[in-house]
Amino acid sequence: MAKAAIDDFGGSLTVTVPMTFRKRGGRKLVISPPGAEAWAPPRARVDNAMVKALARAHRWRKLLDGGRYQTVRDLAKAENINPSYVARVLRLTLLAPDIVEAILDGRHDPERVTLDRLMEPFSVVWCEQLPQ
């Protein structure tokens, strides 16, 4: 936790507060240590990369469902990207609605819900997905 010390001459006070800085979308985010009281209420931060990935996933799903492309491979070729990446992004359309809403509103936990984690395989059963 935070520590305070007065120097030998009694002229200055040094306060040490443990914290971590993380870059989130080009911004720095201060993360307080576990068990510490929050000194300021956290503001909702929308992760633009996750929102963009969700939008891309739903657009691609619409293109596949509408018959414009027959397979993921056809879609990947048209978009000039790797079919494996297309398949991983398409899985985002299977996320539970409450998780999608939390991401869009910036209410998700940036420690647990990250784009890297969402790109990993997850259960299609909504109640077994990442807890909010």
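Keep in mind that what you see is a predicted model, and the values were worked out from it rather than measured. Count residues from 1 along the sequence.
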Please tabulate, for side-chain N and O atoms in residues 58-71, each donor-acceptor pair with protein atoms closer than 3.5 Å (sequence neighbours left out).
{"residue": "R59", "atom": "NH2", "partner": "E79", "partner atom": "OE1", "Å": "3.4"}
{"residue": "R59", "atom": "NH2", "partner": "E79", "partner atom": "OE2", "Å": "3.4"}
{"residue": "Q70", "atom": "NE2", "partner": "G67", "partner atom": "O", "Å": "3.3"}
{"residue": "T71", "atom": "OG1", "partner": "R73", "partner atom": "N", "Å": "3.4"}
{"residue": "T71", "atom": "OG1", "partner": "D74", "partner atom": "N", "Å": "3.0"}
{"residue": "T71", "atom": "OG1", "partner": "D74", "partner atom": "OD1", "Å": "3.4"}
{"residue": "T71", "atom": "OG1", "partner": "D74", "partner atom": "OD2", "Å": "3.2"}

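Residues passing the side-chain contact (heavy atoms from CB on, under 4.5 Å) test with N82 are S84, Y85, sequence neighbours excluded.
Heavy atoms only, all atoms of each residue included: T114 and M50 are closest at C-SD, 4.0 Å. Between A87 and V72, the shortest heavy-atom distance links the atoms N-CG1, 4.1 Å. Taking all atoms of both residues into account, the shortest heavy-atom contact from V46 to D105 is CG2-C, 4.1 Å. Across all their heavy atoms, A76 and V86 have their closest contact at CB-CG2, 3.7 Å.
Although no hydrogens or angles enter the test, the distance criterion places no donor-acceptor pair under 3.5 Å between the side chain of E128 and the main chain of S123. Judged purely by atom type and a 3.5 angstrom limit, Q129 uses its side chain to pair as donor or acceptor with the backbone of L94.
Remark: L104 CG to I99 CD1 distance equals 12.0 Å, nearest 0.5 Å.
Taking 4.5 Å as the limit, every side-chain heavy atom of E120 sits out of range of all side-chain heavy atoms of R88.
With L54 as the fixed residue, the side-chain contact (heavy atoms from CB on, under 4.5 Å) test singles out one of D47, L95, V89: L95.
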